[in-house]
Amino acid sequence: STLRRISLVNQQEDVLATGLPFLDSLALNSQVVLWASSFGELLAIPIEGGSPTLLASGPYAIPALDGTDVFFASNTGVHSVPVGGGTATLLTSLLNVGKREIALDSSYLYLLTIPSMPTNGELLRIPKTGAAPVALAANQYQPGEPDNGNTIALDATHIYWAREDSYIMRLPKQGGQ
């Protein structure tokens with residue numbers, strides 16, 4: 001695969017990197033482009049191009065990033081690693097995360113777990129510094145529906161997510177009604 005950047009002003013195309021493994025998911029900020037590859041690698045490249053940096057290896061999911069850290073889920077939990085590379089830190093152990101999208105605010109990350117009994121899919125809030133997750137909502141997977149509801153978004157006060165049964169859910173970040 002080739003990673004390209006195209007200007008919105010003049011449609012000029014710049015090649016950032018070539019010969020990359022299949023891009024499974026993508027995230028970026030003003031400094032770097034991140035992706036999880038189909039080979040289970042989490043990679044970063046400067047937004048201006050250059051050599052990719054391997055941040056972590058394993059079956060990782062859709063990355064999210066703030067100014068200093070990359071956050072990602074794996075089969076064993078939720079992790080962080082510095083944007084420039086380094087040692088990954090396990091923030092919390094979870095066995096039912098799977099390939100899930102993560103949303104961030106200044107203090108927490110939010111994600112939906114895969115369906116498993118007894119919780120049947122939960123919306124979790126985890127401190128960015130690491131700690132036990134707090135379940136904000138349970139039973140977010142509806143039996144008989146495909147498990148593809150991992151879209152999650154935030155505004156200043158609420159969390160929004162899509163369920164498999166076509167409902168868009170909303171909940172205050174602190175939980176409750």
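All values derive from a computational prediction rather than experimental measurement.
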Please check this pair: side chain of [X] against backbone of [Y], looking for a donor-acceptor N/O pair closer than 3.5 Å.
X: R125; Y: L136; result: no
X: K128; Y: L91; result: no
X: R5; Y: I47; result: yes

Determine whether [X] and [Y] fall in the same hydrophobic cluster, where Ile, Leu, Val, Met, Phe, Trp and Tyr are linked whenever their side-chain heavy atoms lie under 4.5 Å apart.
X: V134; Y: I152; value: yes
X: Y110; Y: Y160; value: no
X: L54; Y: L26; value: yes
X: L90; Y: I102; value: no

From [X] atom [atom1] to [Y] atom [atom2], the distance as rounded to the nearest 0.5 Å:
X: I126; Y: L109; atom1: CD1; atom2: CG; result: 5.0 Å
X: L34; Y: I45; atom1: CG; atom2: CD1; result: 11.0 Å
X: T53; Y: L42; atom1: OG1; atom2: CG; result: 11.0 Å
X: L28; Y: L65; atom1: CG; atom2: CG; result: 7.5 Å
X: W161; Y: L112; atom1: CH2; atom2: CG; result: 7.0 Å
X: I159; Y: L123; atom1: CD1; atom2: CG; result: 5.0 Å

Heavy-atom closest pair, residues [X] and [Y]:
X: P63; Y: F72; answer: CA-CB, 4.5 Å
X: T92; Y: P133; answer: OG1-CD, 3.2 Å
X: D155; Y: H158; answer: OD1-N, 2.7 Å
X: K173; Y: A156; answer: NZ-O, 3.5 Å
X: D66; Y: N29; answer: O-ND2, 3.4 Å
X: W35; Y: A44; answer: CZ3-C, 4.3 Å

| request: Check whether any side-chain heavy atom of V70 sits under 4.5 Å from a side-chain heavy atom of V32, and report yes or no. | output: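 Contact flag for V70/V32 side chains = no.
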
| So do the side chains of S107 and D105 get within less than 4.5 Å of each other, counting heavy atoms only? |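 In short, these two side chains touch, coming nearer than 4.5 Å.
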
| request: Test L3 against every option in T18, L43, L16 by the side chain to side chain contact (heavy atoms under 4.5 Å, CB included) rule and name the one that passes. | output: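 Of all the options given, the one that passes is L16.
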
